[in-house]
Amino acid sequence: MPNKLATYHAKRNFRITSEPRGQAQRAQDELRFVVQRHDASKLHYDFRLELDGTLKSWAIPKGPSMNPADKRLAVQVEDHPISYADFEGIIPAHQYGAGKVEIWDSGIWEARGDAAQGYRDGKLKFHLYGDKLHGSWTLVRTRMAGGGNKQQWLLIKERDEAARSDSGIDEEADKPVGKLLKHAPSKPATLQGITITHPERVIDPASGLTKLDLAHYYDAVAPYLLPYLKNRPVYLLRSPGGLTGKAFFQRHAIRAAIPEIAILDPSVDPEHQPLLVINSAKALVSAAQMGTIELHTCNARADCMDKPDCMVFDLDPDPKLKWQRVVDGARLLREFLNELGLDSFVKTSGSKGLHVVVPLARRHTWETVTRCSEAVARHLAETFPRKFGIKMGEQNRVCKIYIDHLRNQKMASTVAPYSVRARQGLSVSTPLSWDELDDVTNSAMWNIQSLPARLKALKKDPWEAYGNTRQTISKAMLRKLDMKDAAP
DNA sequence: GCCCTTG
DNA sequence: CAAGGGCAACGCTTT
DNA sequence: AAAGCG
Ligand SMILES: [Mn+2]
Ligand SMILES: [Mn+2]
C-alpha cells in the first residue's frame with residue numbers, strides 16, 4: 001500500500017518539530033474531526049476529517065462560518081496522521097508551518113451518504129458533533145486549481161432543519177433579502193449586432209437616461225464622429241456603473257478586450273500595451289456596451305505619431321464668469337489666430353468652456369506645435385490680462401478664462417468632437433459654426449437626447465471644412481509670436 | 001464590464 | 001464562490 | 001518630496 005502520509009513526512013523534520021510522526025490507521029467506524037487554529041506566517045484554521053485511516057486536511061484562511069450564506073475557501077493540503085488531531089504546541093521557527101497550533105474544536109463527524117465516494121466526487125456532505133461546530137455541512141470542490149496546484153474547496157454551513165427551529169426564523173430573516181429584491185435585470189438589447197446588457201440601466205439619475213440611450217446616441221452620431229476618430233489613438237473614460245459609479249480611464253488594450261475596437265501596432269508605443277482605435281459604428285456601440293462614456297483623442301494619427309495634425313486651445317472659464325465672456329474670449333482667440341493666418345474651429349466642451357481647434361498639416365514637430373500654442377496663449381494673456389490667464393489652478397483664473405494650451409503635449413488628449421461627457425445630463429461636446437456662437441447659451445447646451453435632432457436640423461455640418469483644412473506654421477507666424485529661434 | 005487575485 | 005482591485009499620464013502648482 | 005488638479 002502506498003504511504004498515504006508520504007507528503008506529510010517529507011515536509012517535516014521530526015527531530016525538530018514536536019508534531020507526531022504518526023502512521024496510517026485501519027479505517028474506523030467512528031470518525032474524528034478537528035479544527036486547529038494555526039498562527040503561522042498567516043493565521044488560518046486547519047480543518048481535518050478522519051477518512052480511510054488518515055486526516056483529510058484543508059487550510060481555511062478565514063475559518064469556518066456558522067452562517068449558511070457564507071462560503072469559506074478551503075485549500076486542500078496533504079493528509080495528516082490521525083494522531084495529529086491531538087497535537088497542540090509550537091512548531092519551531094524555520095520548520096514547515098512554523099507557529100502556534102491550538103485545537104479550536106474537535107469531535108466526531110458522520111458522512112451523509114458514502115464518505116469516500118463523496119470525497120472522490122468533490123461533494124462531501126456531513127454532520128459535525130463538536131463543541132463549537134455542529135449541524136450539517138458541505139465541502140464542495142471547485143473547478144479552479146489554486147496556487148501550487150492545490151485543490152480548492154468551499155466549506156458551507158447547511159441550514160439545519162430541527163435543532164438550531166426556534167432560531168430558524170432569525171436565520172430566514174438573515175437570508176440575503178437584498179439580492180432577491182433587486183429589480184430583475186432587463187433583457188439584453190441588440191444594436192449594430194452588439195449585445196447591450198442592462199439596456200434599461202439608468203446611467204444618469206438626474207435625467208433618467210439609460211445605457212441603451214447612450215448606445216443609440218453613439219450609433220446615431222457615428223457618421224459625424226468617426227472622421228475625428230479615424231486611425232487616431234483614443235482613450236476611454238469608462239464608468240460601467242453610470243455616473244454614480246466609479247469611473248476609470250483606459251489608454252491601452254487590457255485583458256478584457258472590447259469587441260470591434262482595433263488595436264494599433266505595438267511599435268506606435270513600444271513601452272505599453274497597444275493603443276486603441278475606433279474606426280466603426282460597431283466599435284462605438286461596443287464601447288458603450290463596455291461602459292464608455294467619454295472619448296478622448298490624441299492630436300496625432302497612428303501612421304505618424306511624431307507630427308501632430310491639430311493644435312487645441314481649451315478655454316476653461318472661472319465658473320462664475322458669464323457665458324458671453326467665454327464666447328468673447330473664443331472670438332478674440334479666433335481673431336488672433338486669423339491675424340497669424342490660421343483658421344480655427346470651435347466646439348463646446350460639453351462642460352463649462354469652449355474648445356478652439358486649429359487643423360494642421362502633419363509637418364511640424366511636437367516641440368514646434370507645443371511652443372507655438374503656448375506662445376499664442378501667452379500673447380493673449382499678456383494682451384488681455386484681465387480676460388485670460390495661462391497659469392493653472394483655480395486661484396489663478398479668478399474672473400478669467402484659463403487658456404489650457406497643455407492639451408498640445410504629446411501625451412495629452414482632449415475630449416473628442418461629439419463625445420458625451422460624464423456629467424449630469426450627459427451633455428455632448430458639440431462642434432459649432434462661428435456664426436451660431438451667439439445663439440449658444442452654455443457649454444452643456446446639447447446632450448445625447450437633443451444632439452441628433454440638432455444634426456438633423458442643420459443645413460450643413462458646421463465643421464464641414466475641417467477635413468480639408470491643413471495649415472502650416474510659417475516662419476512669419478513664429479516671428480510674430482516672438483519665436484525667432486524656432487523652426488516651423 | 002470584465003479579468004484576475006485573494007480570502 | 002464572492003469580494004475587491006485595476007483599468008493613465010503628464011506637467012503644473014501648491015503644500 | 002509629495003499631493004492635488006486638469
Ligand atoms: Mn496549517
Ligand atoms: Mn476644459
Side-chain angles (χ1 to χ4, degrees), chain A residues 42-45 58-65 67-75 122-123 138-147 150-157 176 179 185 188 194-198 201 203 211 214-215 233-242 245-259 261 269 271-273 275-276 286-294 296 298-299 312 314-317 319 349 351-353 355 366 370 373-374 377 389-397 402-415 421-422:
Chain A
K42 179 108 173 78
L43 174 68
H44 61 273
Y45 292 78
W58 293 263
I60 304 181
K62 295 172 90 165
S65 167
N67 182 349
D70 291 335
K71 299 179 168 71
R72 290 293 162 81
L73 178 68
V75 179
K123 191 161 201 154
T138 301
L139 267 168
V140 214
R141 192 164 57 215
T142 71
R143 254 188 312 293
M144 293 175 303
K150 286 175 172 167
Q151 288 291 345
Q152 301 199 90
W153 299 61
L154 297 167
L155 177 67
I156 307 161
K157 179 76 188 74
K179 221 163 215 172
I194 303 287
T195 300
I196 306 293
T197 57
H198 309 290
R201 171 178 295 161
I203 56 177
K211 188 179 173 188
L214 178 71
V234 66
Y235 309 143
L236 313 178
L237 181 71
R238 297 173 56 186
S239 194
K246 46 190 174 336
F248 62 92
F249 210 71
Q250 179 178 355
R251 292 170 72 90
H252 309 104
I254 48 180
R255 288 171 303 232
I258 301 179
I261 288 194
D269 180 13
E271 312 279 297
H272 299 92
Q273 293 296 108
L275 294 167
L276 308 174
S286 181
Q289 155 58 20
M290 297 301 265
T292 303
I293 299 183
E294 299 190 358
H296 294 243
C298 232
N299 288 0
V312 176
D314 173 12
L315 273 47
D316 287 335
S349 71
S351 163
K352 293 283 191 306
H355 294 165
W366 281 101
T370 301
S373 67
E374 180 183 2
I390 55 167
K391 203 166 163 183
M392 241 183 198
E394 192 105 348
Q395 63 272 60
N396 297 313
R397 62 158 182 190
Y402 168 60
I403 305 179
D404 181 0
H405 57 88
L406 299 169
R407 306 298 91 224
N408 299 294
Q409 312 221 58
K410 189 167 180 176
M411 300 306 284
S413 62
T414 307
V415 73
R421 302 310 305 270

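Lettering follows sequence order; numbering is per chain, from 1. Given the structure is predicted, the values throughout are model-derived calculations rather than measurements.
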Worksheet item: Rounding to the closest angstrom, what is the interatomic distance between C:dG6 and D:dG6 at atom P?
Response: 23 Å
Practice prompt. Indicate, with a heavy-atom threshold strictly under 4.0 Å, whether A:Pro61 touches base, sugar-phosphate, or nothing.
Written response: sugar-phosphate
Worksheet item: Just by modelled atom types, is the A:His252 backbone N or O under 3.5 Å from a matching donor or acceptor in the A:Gln250 side chain?
Response: yes
Discussion item. Can you identify which nucleotide, out of B:dC2, D:dG6, C:dC7, has its nearest atom closest to the A:Asp316 side chain?
Written reply: D:dG6
Item to complete: Return yes if some donor-acceptor pair links the side-chain N/O of A:Asn299 with the main-chain N/O of A:Arg407 below 3.5 Å, else return no.
Response: yes
Fill in: Donor-acceptor under 3.5 Å (A:Arg397 side chain, A:Pro317 main chain)
yes
Item to complete: Kindly point out which of B:dG7, B:dG1, C:dA2 is positioned nearest to the side chain of A:Leu73?
Response: B:dG7
Fill in: Which nucleotide in B:dG7, B:dC3, C:dA8 has an atom nearest any side-chain atom of A:Ala256
B:dC3
Discussion item. What verdict does the side chain to side chain contact (heavy atoms under 4.5 Å, CB included) test give for A:Glu294 and A:Leu236, after you've listed the backbone C-alpha separation in whole Å, the side-chain angles of each residue and the deciding distance to 0.1 Å?
Written reply: CA-CA 6 Å; A:Glu294 299 190 358; A:Leu236 313 178; over 6 Å; no
Discussion item. I want to verify a distance call: between C:dC1, B:dG1, B:dG7, whose nearest atom is closest to the A:Thr197 side chain?
Written reply: B:dG1
Discussion item. In this structure, how many angstroms lie between the C1' atom of B:dG1 and the CD1 atom of A:Ile258, rounded?
Written reply: 9 Å
Worksheet entry | Integer-rounded Å distance: C:dA8 C1' and A:Glu271 CD | 15 Å
Worksheet item: Out of B:dG1, C:dA8, B:dG7, which nucleotide sits closest to the side chain of A:Met290?
Response: B:dG1
Quick one: which protein N/O atoms are closer than 3.5 Å to N/O atoms of nucleotides 10-15 of chain C? Pair and distance per line, please.
| from | atom 1 | to | atom 2 | distance (Å) |
| --- | --- | --- | --- | --- |
| C:dT14 | OP1 | A:Asn396 | ND2 | 3.3 |

Fill in: Phosphate contact (C:dA8 OP1 or OP2) by A:Arg238 side-chain N/O below 4.0 Å
no
Response to the item:
Out of B:dG1, C:dA8, D:dG6, minimum distance to the side chain of A:Phe249 belongs to C:dA8
Item to complete: Please state how far atom NZ in A:Lys246 lies from atom P in C:dA8, giving the value in whole angstrom units.
Response: 16 Å
Fill in: Nearest-nucleotide pick for A:Glu394, side chain only, options being C:dC7, C:dC1, D:dG6
D:dG6
Item to complete: Starting from the 5' end of DNA chain B, give me the residue, A:Arg72 or A:Ala257, whose nearest nucleotide shows up first.
Response: A:Ala257
Discussion item. If I take atom CG in residue A:Asp269 and atom C1' in nucleotide C:dA8, what distance separates them, rounded to the nearest angstrom?
Written reply: 11 Å
Discussion item. Stacking between D:dG6 and A:Tyr402, yes or no? Criterion: centroid separation under 5.5 angstrom, plane angle under 30 degrees.
Written reply: no
Worksheet item: Which part of the nucleic acid does A:Arg201 contact within heavy-atom distance under 4.0 Å: base, sugar-phosphate only, or nothing?
Response: sugar-phosphate
Discussion item. Angle between ring planes, A:Trp153 versus A:Trp58, binned at 30° and 60°: parallel, tilted or perpendicular?
Written reply: perpendicular
Worksheet item: On a whole-Å scale, what distance lies between the P atoms belonging to C:dA8 and B:dC4?
Response: 15 Å
Worksheet, complete the sentence: Atom CG of A:Leu275 and atom C1' of C:dC7 are separated, to the nearest Å, by 14 Å
Worksheet item: If only atom types and distance count, is the side chain of A:Lys211 paired as donor or acceptor with the main-chain N or O of A:Ile203 below 3.5 Å?
Response: no
Practice prompt. May I ask you to establish whether A:Arg238 and A:Phe248 are in a cation-pi arrangement, using a distance under 6.0 Å from NZ or CZ to the six-membered ring centre and at most 45° from the ring axis?
Written response: no
Worksheet entry | A:His252 vs C:dC7: side-chain N/O to OP1/OP2 distance below 4.0 Å | no
Worksheet item: Can you check whether A:Lys211 has a side-chain N or O nearer than 4.0 Å to OP1 or OP2 of B:dG1?
Response: yes
Practice prompt. Report yes if the side chains of A:His296 and A:Phe249 come closer than 4.5 Å at any heavy-atom pair, otherwise no.
Written response: yes
